[in-house]
Amino acid sequence: MDFKQVLSVYADSFNFALQFSTSLQSGKVMKLSPKAEEVATFFAKMLDHEYTTKEIFRKNFFKDWRKEMTNEEKNIITSLSKCDFTQMSQYFKAQTEARKQMSKEEKLKIKEENEKLLKEYGFCVMDNHRERIANFKIEPPGLFRGRGNHPKMGMLKRRIMPEDIIINCSKDAKVPSPPPGHKWKEVRHDNKVTWLVSWTENIQGSIKYIMLNPSSRIKFRINIESERKPSCTAKFRGEKDWQKYETARRLKKCVDKIRNQYREDWKSKEMKVRQRAVALYFIDKLALRAGNEKEEGETADTVGCCSLRVEHITLHPELDGQEYVVEFDFLGKDSIRYYNKVPVEKRVFKNLQLFMENKQPEDDLFDRLNTGILNKHLQDLMEGLTAKVFRTYNASITLQQQLKELTAPDENIPAKILSYNRANRAVAILCNHQRAPPKTFEKSMMNLQTKPKKNLASGVCDAFVYRIGSFSLTLDNIDVGSKPLIIDAKKEQLADARRDLKSAKADAKVMKDAKTKKVVESKKKAVQRLEEQLMKLEVQATDREENKQIALGTSKLNYLDPRITVAWCKKWGVPIEKIYNKTQREKFAWAIDMADEDYEF
DNA sequence: TAATCTGACTCAGAAAACTTGAA
DNA sequence: GTTCAAGTTTTCTGAGTCAGATT
């Protein structure tokens, strides 16, 4: 934690003059007090962002900004729309530009300083091991940016002071000293929790933590039980991660029983049991999140399974030739839209009709159910079973199945990687992990394009239908654009090279000397090389296109048992570095160590 | 009690920072 | 060899899950 840095920024007045006009015609410039000025800079830095055009953002910001103003400022600055932040904004843009233009030496110096900071504050010692801390910097003040339609967007995230900070370390540890003139809120020695530092944030009143890196040894609760048997628990990194996948594997053993159970429960006399059974079916089949209740007006309006409302589903007795189709349309975590049309069993459909009877659109679909009730029931079915285990289980089992299905033994390595990514993608689609298409996507595609073509020679770019479990997902709301074709240029090169080869061969036939034979050989090689390059380009292009709006990272990092991947790599001779980058290899070191090619999830 | 609250942890996409490779 | 933009990795911090405490 570098409070020194933080405090010096605060003390330093930026010496701007916020420009604002009291009327639309006549401009007036006003020098702000340091506090008001600092908050103004937060807004100015975001001026180009869409956030600053949103009414809620502006309203919340202005309200909090006024709290930092002097009385005089309050009297003069009465409307945000009359304030002109462009001077400030330009100042920061110029700074960014200047940073870009710095010399190599200057950049290196900054890099070294950052490394020094990391070395000093970025590590801690736990059980005699030096461990990397994930987020060792205190969050700086700024404007709160919620996701989606957040009622608190634009509010001022206040500066965290040493007086807000709780330090958690062992009794014999040297307690880091607070900056001069300051005190910590508290120093405690709680070895039942994993966090090192915590503070309460002022927007939601929730607690924030500083914790260890995911790659750290035993990212889990140190209980006396496990300390007694270090040989089996403390020996490898990421035990918590391992436990998660082991729970999911236990579910694999009893999932059939659980599925039969909830199918029975669809017929239950008790409404509560029926609702629980239908909800569990969705969680299992669609990998929905549990869906805790949320306080209204405190966060964006998003839902999960248990908190679905009547307005989030539409029932179609028949749709596109299929019977009993449920159309889901709701905002999930991070306000990511979940849209899917799913054919369901008749009994589920009838139950849903029943649950929706005499209800308003804004009423809860499962009014007799919440995550507590659901998880309690799951706990009875299997120790350690909760709603989210189904997501982990279904993600991992899908990867394993897809890899089996998609990997062709005689493919080359790039094609194998494409198969892996497709398997990964199937999971990401199942879990609804979306991303905004990269801003440069269309442009970069255009740069590479001449004209779109439906099929490329190798066939790897043919339309691909994602099959997940028993049903296939159509990408209704995912726009699949035209194919990237830097490839066309490559193809022309290849055609030229083939022509060259042909004429060289013809020459060789006539001349029959060593020199022309050599020419033929080199032309052959050139053709081969181009063919390989073309193949690689096609594979990459396909991968990129299919990935346009799908984020693979989240499932790779949090839902897929890494041992499946490690086993696959070993089996097909794909270097692990092609699938996992350095950080991922660190996080999954335990799996790379222990899984052999026969590993079965 | 059962509902509600709180704390601690995992999971999440955007944006910044860095790397790579083509022109 | 240099420049620049595209691609990849890392950082950041918000948004969930879920268990245990509190009322």
Side-chain angles (χ1 to χ4, degrees), chain A residues 46 49-51 96 99-100 104 107 110-111 114 118 122 134-140 142 144-148 150 152-153 157 166 168 190 192-195 198 200-201 203-214 219-221 240-241 243-244 289-295 298-300 302-307 331-336 370-376 378-379 384-389 391-392 395 428 431-436 438-441 443-445 447-448 484 486 489 540 543-544 547 549-559 580-584 586:
Chain A
M46 293 177 74
H49 203 287
E50 203 202 336
Y51 271 117
T96 311
R99 226 173 300 137
K100 267 193 207 155
K104 261 186 186 163
K107 280 182 182 166
I110 290 175
K111 203 179 166 192
N114 286 338
L118 173 70
N135 54 329
F136 66 94
K137 289 174 183 160
I138 291 283
E139 292 173 22
F144 176 78
R145 307 149 83 123
R147 310 261 169 87
H150 197 115
K152 298 193 170 185
M153 64 168 90
K157 245 177 73 162
I166 302 173
N168 186 36
D190 182 355
K192 299 284 181 290
V193 296
T194 66
W195 55 267
S198 75
T200 303
E201 138 296 335
I203 305 287
Q204 324 264 5
S206 65
I207 308 168
K208 296 259 184 166
Y209 303 94
I210 284 182
M211 292 183 182
L212 295 183
N213 220 33
K219 184 157 171 32
F220 82 127
R221 181 174 307 228
K240 205 71 187 294
D241 219 28
Q243 279 174 350
K244 176 174 76 182
R289 296 187 185 83
N292 285 315
E293 298 100 298
K294 312 203 295 179
E295 212 175 325
E298 291 292 303
T299 59
T302 62
V303 296
C305 186
C306 293
S307 50
L331 297 182
K333 184 178 181 179
D334 290 317
S335 294
I336 299 290
N370 61 43
T371 53
I373 295 170
L374 180 66
N375 279 333
K376 212 170 203 174
L378 292 177
Q379 191 62 238
L385 186 61
T386 63
K388 86 192 209 15
V389 178
R391 237 166 117 78
T392 311
C431 294
N432 201 40
H433 290 141
Q434 293 189 33
R435 61 167 182 172
K439 282 200 185 81
T440 54
F441 192 88
K443 204 182 111 214
S444 79
M445 281 301 180
N447 287 344
L448 302 180
I486 198 175
Q540 277 174 352
D543 211 22
R544 188 146 65 112
N547 228 24
Q549 290 174 57
I550 300 162
L552 299 187
T554 303
S555 52
K556 206 173 188 177
L557 226 54
N558 301 302
Y559 289 104
Y580 288 146
N581 66 31
K582 189 169 142 275
T583 316
Q584 291 161 344
E586 274 169 23

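Below, all heavy atoms of this structure are taken into account, side chains as well, without hydrogens, waters or symmetry copies. Every chain is numbered from 1 and lettered A, B, ... according to where its sequence line falls, protein lines coming before strand lines.
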Does [N] have its OP1 or OP2 closer than 4.0 Å to a side-chain nitrogen or oxygen of [X]?
X	N	answer
A:R147	C:dC12	no
A:K208	B:dG7	no
A:T194	B:dA8	no
A:Q204	C:dA15	yes
A:S206	C:dG14	no
A:H433	B:dC11	no
A:H49	B:dA14	no
A:N581	C:dT9	yes

Next on the checklist: Checking A:K152 against A:T299: is there a side-chain donor and acceptor pair closer than 3.5 Å?
Outcome noted: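 No.
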Residues two or more places apart in sequence or in another chain: which of them pass side chain to side chain donor-acceptor pair (under 3.5 Å) with [X]?
X	value
A:E139	A:K157, A:K208
A:N114	none
A:N558	none

Item to check | Residue whose nearest DNA chain B nucleotide is more 5′ - A:Y51 or A:N370 | outcome: A:N370
Checklist outcome for this item: Between A:K111 and A:W195, whichever has its closest DNA chain B nucleotide further toward 5' is A:W195
Item to check | Partner set under salt bridge (charged side-chain N to carboxylate O under 4.0 Å, His left out) for A:K244, not counting sequence neighbours | outcome: A:D241
Next on the checklist: Mind checking if A:R391 touches a base, just sugar-phosphate, or nothing, with heavy atoms under 4.0 Å?
Outcome noted: sugar-phosphate
Whole angstrom value for the distance that separates [atom2] of [N] from [atom1] of [X]:
X	N	atom1	atom2	value
A:I373	B:dT4	CD1	P	11 Å
A:K192	B:dC9	NZ	C1'	17 Å
A:L331	B:dG13	CG	C1'	15 Å

Next on the checklist: At under 4.0 Å between heavy atoms, how does the protein contact nucleotides 16-23 of chain C? Give one character per nucleotide, 5' to 3', with B, S or -.
Outcome noted: SBBS----
Ignoring the backbone of [X], work out which of [options] is nearest its side chain.
X	options	result
A:V193	B:dA8, B:dA15, C:dC12	B:dA8
A:M211	B:dA14, B:dA15, B:dA8	B:dA8
A:Y209	B:dA12, C:dG14, B:dA8	B:dA8

Item to check | A:A428: partners by side chain to side chain contact (heavy atoms under 4.5 Å, CB included), with sequence neighbours left out | outcome: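 Counting only residues at least two positions away or on another chain, A:A428 forms a side chain to side chain contact (heavy atoms under 4.5 Å, CB included) with A:H433, A:I550, A:L552, A:S555.
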Checklist outcome for this item: Rounded to the nearest 0.5 Å, the CD1 atom of A:I166 sits from the OG1 atom of A:T200 at a distance of 6.5 Å
